[in-house]
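Structure, as structure tokens:
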Amino acid sequence: MRMKNTQPTTFKKGSGDIAVTLKGVNKWYGDFHVLRDVDLTVKRGERIVICGPSGSGKSTLIRCINHLETHQKGSINVDGTELSEEMKNAEKLRQDAGMVFQNFNLFPHLSVIDNCILPQRRVLKRSKDEAREVGMKFLARVKIPEQADKYPGQLSGGQQQRVAIARALCMEPSLMLFDEPTSALDPEMVGEVLDTMVGLAETGMTMLCVTHEMGFAREVADRVIFMDAGQIVEENTPDAFFDNPQNERTKAFLKQIL
Amino acid sequence: MFDFRFYEISRQPEYIETLAYGVLNSLWLTILGSLFGVVLGVLLALGQGRDMPLWIKAPSVSYVEFLRNTPFIVQLFFVVFGLPLLLGYTWSLEASVVLAITLNFSAYYGEVIRAGIQAVAKGQTEGAMALGMTRWQTIFDVILPQAIAKVFPSMTSQFVFLFLTTGLVSEIGVQDLTWAGRYVADRTFRDFEVFIVLTILYMLMVFAFKGSFALMFRMAFPWWGKER
Ligand SMILES: Nc1ncnc2c1ncn2[C@@H]1O[C@H](COP(=O)(O)OP(=O)(O)OP(=O)(O)O)[C@@H](O)[C@H]1O
Ligand SMILES: [Mg+2]
């Protein structure tokens with residue numbers, strides 16, 4: 001199925017069956033070829049887990065999808081918006097494609113609820129009351145409404161990551177990108193963040209998750225994608241991927257992490 | 001043993017008044033210069049940002065380098081006497097002096113603020129941008145508050161240092177605290193006593209500044225140090 005290229009300015013949120021299309025995407029950092037001919041179609045509501053060795057380009061790939069990085073060749077289409085180096089409405093796109101980082105990137109100078117309020121006010125131009133209400137709704141969703149008035153530094157890593165998820169959800173994204181959301185956490189906190197992500201998946205959110213949490217992948221993912229050296233080497237349903245990997249590199253990788 | 005005669009100063013209300021005016025003048029010159037200087041300093045710091053175009057970056061860097069590597073007294077003479085000649089227009093002495101002080105201060109504050117901006121984690125910009133915030137929103141709502149908090153102690157010492165350099169404006173007849181001291185000393189011939197009084201007054205003002213800044217910090221950055 002092909003996406004038609006709508007004008008970048010007419011941003012139709014969450015419409016259509018396809019959330020993201022990548023076609024022949026290539027990216028270089030100087031001479032270094034990070035992404036090589038990446039093709040990927042993400043259907044609406046689909047949950048995709050991306051894994052692969054360090055340096056294989058997983059972060060780069062999802063950072064390209066919300067335009068924190070630009071690609072040099074091929075096309076990336078997110079919700080009908082064609083991404084390009086000089087695109088004008090990158091902010092609009094980023095608000096539509098929520099992103100959760102390994103290091104949370106919460107704003108330490110704002111309380112938890114203000115972390116949720118600020119982007120809503122600035123980007124969506126919501127009133128303070130409305131932004132607070134939405135913020136509290138999503139803090140309740142990630143099960144920490146009682147921490148609303150604390151500062152991020154006063155929370156545990158797991159709680160901070162849940163706040164980061166809530167903050168992203170406040171922008172009403174139609175797609176969520178996760179870049180190793182649990183790998184900076186102490187082991188005992190990984191569970192609470194994964195539970196939040198499973199909860200989110202149950203709402204039908206389109207999700208692209210870079211993670212090596214195989215339990216999560218088996219439980220939630222529709223597809224697992226394995227990347228190596230900037231290429232998608234293998235993709236399959238989680239069970240087939242883990243139990244019966246085809247590619248030698250996938251096998252070697254799985255042997256390492258399992 | 002030297003015979004201290006402080007009463008030579010204190011018995012004349014005119015001298016006390018002159019010194020009090022000196023304190024006030026030094027105060028508002030420093031405060032005004034700092035207010036404008038910090039605003040200009042923020043712009044200078046932003047102008048030197050990594051992704052700024054060269055036509056903004058080069059003048060920002062040159063400006064800061066020039067002002068930090070030339071004597072304040074020369075800058076003062078240039079702004080107060082040179083600029084009016086060049087522009088064919090005369091300001092009041094006060095306005096020219098405030099301008100000179102602002103220009104000088106801005107270069108120093110700019111450097112401190114620039115260090116602060118660099119010290120804010122890159123992830124903060126990405127976090128804000130990923131939420132759809134624009135570059136300017138990111139700078140003003142996310143980066144600058146953290147940058148200023150980080151360098152607030154350096155800003156305080158920079159402020160004190162710049163305050164102490166304002167004594168030079170007495171050279172062109174601005175009636176600041178240093179000028180007042182000279183005025184009183186010339187009339188009482190008690191130079192030693194007068195300079196002891198000046199030292200104490202300057203020191204008291206510095207303590208007052210430091211106290212106010214500490215208070216300001218706690219009010220402006222309640223989140224600072226709130227870690228588990
Ligand atoms: N800004 C950059 N400039 C130059 N090279 C970069 C830059 N960012 C990433 N790279 C390189 O690109 C490659 C892919 O990086 P990327 O962060 O996408 O890998 P990754 O798969 O996410 O790895 P990890 O599991 O360690 O997070 C790495 O070799 C990295 O060194
Ligand atoms: Mg990565």
Side-chain angles (χ1 to χ4, degrees), chain A residues 11 59 62-63 65-69 88-112 114-125 149-157 159-160 163-164 167-173 176-177 179 184, chain B residues 38 42 45-46 49-53 112-156 213-228:
Chain A
F11 198 83
S59 299
I62 66 168
R63 290 164 61 85
I65 293 176
N66 80 344
H67 210 255
L68 281 176
E69 303 280 354
K88 285 285 188 296
N89 56 342
E91 284 87 22
K92 200 97 187 79
L93 162 88
R94 294 199 187 108
Q95 167 231 311
D96 195 61
M99 175 118 174
V100 174
F101 300 87
Q102 185 172 349
N103 299 315
F104 332 130
N105 292 342
L106 292 176
F107 307 138
H109 63 302
L110 299 178
S111 67
V112 162
D114 285 337
N115 262 273
C116 297
I117 290 175
L118 175 72
Q120 292 186 65
R121 299 213 62 196
R122 293 292 182 269
V123 181
L124 304 176
K125 312 291 178 201
D149 295 316
K150 288 201 182 157
Y151 288 102
Q154 296 172 298
L155 306 186
S156 73
Q159 290 172 323
Q160 291 191 50
V163 172
R167 181 176 74 172
L169 292 175
C170 286
M171 309 307 288
E172 321 268 339
M176 285 284 284
L177 307 167
D179 191 0
Chain B
V38 165
V42 166
L46 294 175
R50 188 164 303 186
D51 42 5
M52 278 291 161
V112 176
I113 294 167
R114 190 169 71 96
I117 291 174
Q118 280 178 345
V120 176
K122 188 165 165 265
Q124 291 292 306
T125 307
E126 292 190 343
M129 303 244 288
L131 290 159
M133 290 173 70
T134 63
R135 198 179 143 100
W136 289 108
Q137 289 170 345
T138 302
I139 289 172
F140 284 105
D141 293 323
V142 177
I143 305 302
L144 277 179
Q146 294 181 55
I148 296 198
K150 273 183 198 290
V151 293
F152 204 84
S154 327
M155 294 273 281
T156 307
F213 274 105
L215 201 68
M216 255 163 64
F217 184 79
R218 254 184 285 155
M219 293 197 307
F221 307 109
W223 52 277
W224 188 261
K226 285 266 169 66
E227 245 112 81
R228 289 185 319 137

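Letters go in sequence order (proteins before strands), and every chain restarts at 1.
Residues G127(B) and F101(A) share a closest heavy-atom pair of CA-CE1, 3.9 Å.
With values rounded to the nearest 0.5 angstrom, E126(B) atom CD is found 10.0 Å from N103(A) atom CG. Distance check, rounded to the nearest 0.5 Å: NE2 of H67(A) to CE of M129(B) gives 9.5 Å.
With L131(B) as the partner, the side-chain contact (heavy atoms from CB on, under 4.5 Å) test is satisfied by one option alone out of Q95(A), R167(A), M99(A), E91(A): R167(A).
Heavy-atom pairs under 4.5 Å with chain B were tallied for A90(A), P108(A), A164(A), G98(A); the largest tally goes to P108(A). In terms of non-hydrogen atom pairs under 4.5 Å with chain B, the most contact-rich of N105(A), N66(A), L68(A) is N105(A).
Of the atoms belonging to Q137(B), it is side-chain heavy atoms, and not backbone ones, that fall under 4.5 Å from chain A. Contact of L124(A) with chain B is not made at all, since no heavy-atom distance falls under 4.5 Å. Both the backbone and the side chain of F107(A) have a heavy atom closer than 4.5 Å to some heavy atom of chain B. Looking at A128(B), both its backbone and its side chain come within 4.5 Å of chain A, counting heavy atoms on both sides.
Inter-residue side-chain proximity for L110(A) and D141(B) is flagged as unmet; no heavy-atom pair is nearer than 4.5 Å.
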